[in-house]
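Below is one structure; the comments refer to it alone.
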Amino acid sequence: MKTIALLLAMPLAMATASAEEYTISNLSSSPSEAPSWIWEYFADRVMGGKSELVSPIIIDGDGGKALVLAGRVITKGGGFIQVRLRYTKGTFDASAYSGVELEVDAQTETSWYVFLRTKDNFFPWSYYGAPFKPSATRSIIRIPWSAFKAESTGKKDVRTQFLSSVAIVAAFEDFNAYMRIYRVGLYR
């Protein structure tokens with residue numbers, strides 16, 4: 001009888017555990033993105049910069065598929081390359097979550113950021129940014145909403161109920177960037 005009760009309780013426990021996070025993209029899943037989220041990529045060249053972005057590809061990484069963000073960041077005239085997940089239905093209500101969760105690895109620890117955009121970001125150079133330090137081995141990094149600072153926006157704090165994109169960015173320092181992105185999500 002205890003075995004039957006335990007088996008009946010397992011789906012409920014699994015549902016509760018999975019409700020603690022929201023996966024926007026998991027490259028090892030099919031489909032890899034949650035409904036209405038798409039990957040986009042670009043470099044500062046769209047604004048006259050000189051950084052060079054290698055077209056992102058999906059590879060078999062350390063224990064799963066990963067999206068590769070690679071290129072050369074050149075700060076003269078700009079200074080960034082990025083991949084981002086954009087919500088195609090306007091805005092996503094992320095207010096029930098505590099922040100962004102990444103599963104990544106990178107060859108360098110410095111000059112990595114997560115940029116968020118909401119309906120409060122009118123200009124292309126407007127975002128909420130937070131730095132993070134990936135390791136050379138695949139690891140999970142959590143960035144709370146409170147770590148994001150406003151850049152060229154009228155609202156100081158991120159209004160997470162109006163989230164429109166989550167970007168992983170190499171920026172603000174001259175370097176050769178190489179990161180494998182396994183999963184992007186939100187955590188409670």
Side-chain angles (χ1 to χ4, degrees), residues 14 17-47 49-74 78-92 94 97 99-118 124 127-143 148 163-188:
M14 289 172 64
S18 65
E20 295 299 311
E21 64 182 37
Y22 173 78
T23 299
I24 299 172
S25 178
N26 181 348
L27 280 297
S28 289
S29 296
S30 182
S32 59
E33 287 73 50
S36 302
W37 290 92
I38 60 168
W39 281 105
E40 299 176 326
Y41 59 93
F42 50 94
D44 60 10
R45 287 185 180 263
V46 299
M47 295 163 41
K50 296 177 176 34
S51 296
E52 301 164 358
L53 173 67
V54 174
S55 292
I57 60 169
I58 296 173
I59 63 165
D60 285 321
D62 183 19
K65 293 190 181 301
L67 179 70
V68 175
L69 171 56
R72 173 119 179 97
V73 178
I74 301 169
F80 74 87
I81 61 173
Q82 75 171 277
V83 292
R84 78 173 173 194
L85 285 155
R86 182 174 58 84
Y87 191 64
T88 61
K89 290 187 175 181
T91 62
F92 178 83
Y97 299 92
V100 175
E101 184 173 84
L102 307 174
E103 194 167 351
V104 297
D105 62 38
Q107 294 177 347
T108 58
E109 288 184 350
T110 60
S111 300
W112 294 102
Y113 300 84
V114 171
F115 286 1
L116 304 177
R117 289 183 59 85
T118 70
Y127 60 88
Y128 296 91
F132 70 96
K133 289 191 176 196
S135 69
T137 59
R138 183 176 176 175
S139 58
I140 295 173
I141 297 168
R142 287 184 164 185
I143 306 166
F148 289 89
L163 185 66
S164 59
S165 70
V166 177
I168 299 173
V169 184
F172 310 128
E173 180 180 332
D174 292 337
F175 76 111
N176 291 321
Y178 184 89
M179 174 178 281
R180 295 185 294 192
I181 304 162
Y182 299 92
R183 193 176 64 77
V184 178
L186 307 174
Y187 72 93
R188 290 190 198 262

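For clarity, every value in this text was computed on a predicted model and none was experimentally measured.
A salt bridge does not link K133 to E109: none of the charged nitrogens lies less than 4.0 Å from a carboxylate oxygen. Look at K50 and D44 and you find no salt bridge, because none of the NZ, NE, NH1 or NH2 atoms lies under 4.0 Å from a carboxylate O. Salt-bridge formation is detected for the pair E103/R138: a Lys NZ or Arg NE/NH1/NH2 atom is positioned less than 4.0 Å from an Asp or Glu carboxylate oxygen. Of the charged side-chain nitrogens involved, none lies within less than 4.0 Å of a carboxylate oxygen, so that R72 and E52 do not count as a salt-bridged pair.
Taking CD1 of I24 as the start and OG of S36 as the end, the distance is 12.0 Å to the nearest 0.5 Å. Put simply, CE on M179 and CG on D105 are 8.0 Å apart, with the number rounded to the nearest 0.5 Å. In this structure, CZ on F92 lies 15.5 Å from CZ on R86, to the nearest 0.5 angstrom. Taking CD1 of I58 as the reference point, atom CZ of R180 lies at 14.0 Å (rounded to 0.5 Å). I181 CD1 to L67 CG: the interatomic distance, rounded to the nearest 0.5 Å, is 5.0 Å. Interatomic distance, CH2 of W112 versus CD of E173, reported as 11.0 Å (0.5 Å rounding).
Closest of all the heavy-atom pairs between A130 and I143 is CB-CG2, 3.7 Å. A pairwise comparison of heavy atoms in S111 and F175 identifies CB-CE2, 3.5 Å as the closest pair. Shortest non-hydrogen contact noted between N176 and T108 is O-CG2, 4.4 Å. Scanning all heavy atoms of the two residues, the minimum distance from V73 to A171 falls at CG1-CA, 4.2 Å. Nearest heavy-atom pair, T23 versus A34, reported as atom, atom and distance to 0.1 Å: O-CB, 3.5 Å. Between G64 and S28 the shortest heavy-atom distance is CA-OG, 3.5 Å.
N26 has its side chain out of reach of Y182: every pair of non-hydrogen atoms, C-beta onward, lies at least 4.5 Å apart. Within the 4.5 Å cutoff, the side chain of R183 has no heavy atoms near those of the L27 side chain. Using a 4.5 Å heavy-atom cutoff, the side chains of L163 and T91 are not in contact. Between E21 and L186 the shortest side-chain heavy-atom distance does not fall below 4.5 Å. Side-chain contact between Q82 and I168 is absent, with no heavy atoms from C-beta onward closer than 4.5 Å. Inter-residue side-chain proximity for V184 and W37 is flagged as unmet; no heavy-atom pair is nearer than 4.5 Å.
Within the cation-pi definition used here (under 6.0 Å to the ring centroid, within 45° of the axis), R117 does not qualify as a partner of Y127. With Y41 as the aromatic partner, R84 does not meet the cation-pi criteria of under 6.0 angstrom to the ring centre and within 45 degrees of the ring axis.
The six-membered or imidazole ring of Y22 lies away from that of Y187, with a centre-to-centre distance of 6.0 Å or more. The aromatic ring centroids of F148 and Y128 lie 6.0 Å or more from each other.
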**Message:** As a quick check of understanding, evaluate side chain to side chain contact (heavy atoms under 4.5 Å, CB included) for L85 and E33, giving each step before the final call.
**Reply:** CA-CA 9 Å; L85 285 155; E33 287 73 50; 4.0 Å; yes
**Message:** One pair to check against side chain to side chain contact (heavy atoms under 4.5 Å, CB included): I81 and V169. What are the steps and the verdict?
**Reply:** CA-CA 6 Å; I81 61 173; V169 184; over 6 Å; no
**Asked** After noting the C-alpha distance and the side-chain angles of F80 and S51, does the key distance pass the side chain to side chain contact (heavy atoms under 4.5 Å, CB included) rule?
**Response** CA-CA 6 Å; F80 74 87; S51 296; 5.7 Å; no
**Request:** Check step by step if side chain to side chain contact (heavy atoms under 4.5 Å, CB included) holds for L69 and L53.
**Result:** CA-CA 8 Å; L69 171 56; L53 173 67; 3.7 Å; yes
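Looking at S25 and W39, their side chains do bring a donor and an acceptor atom within 3.5 Å of each other.
Below 30°, between 30° and 60°, or above 60°: for F172 and Y113 the angle between ring planes is above 60°, a perpendicular geometry.
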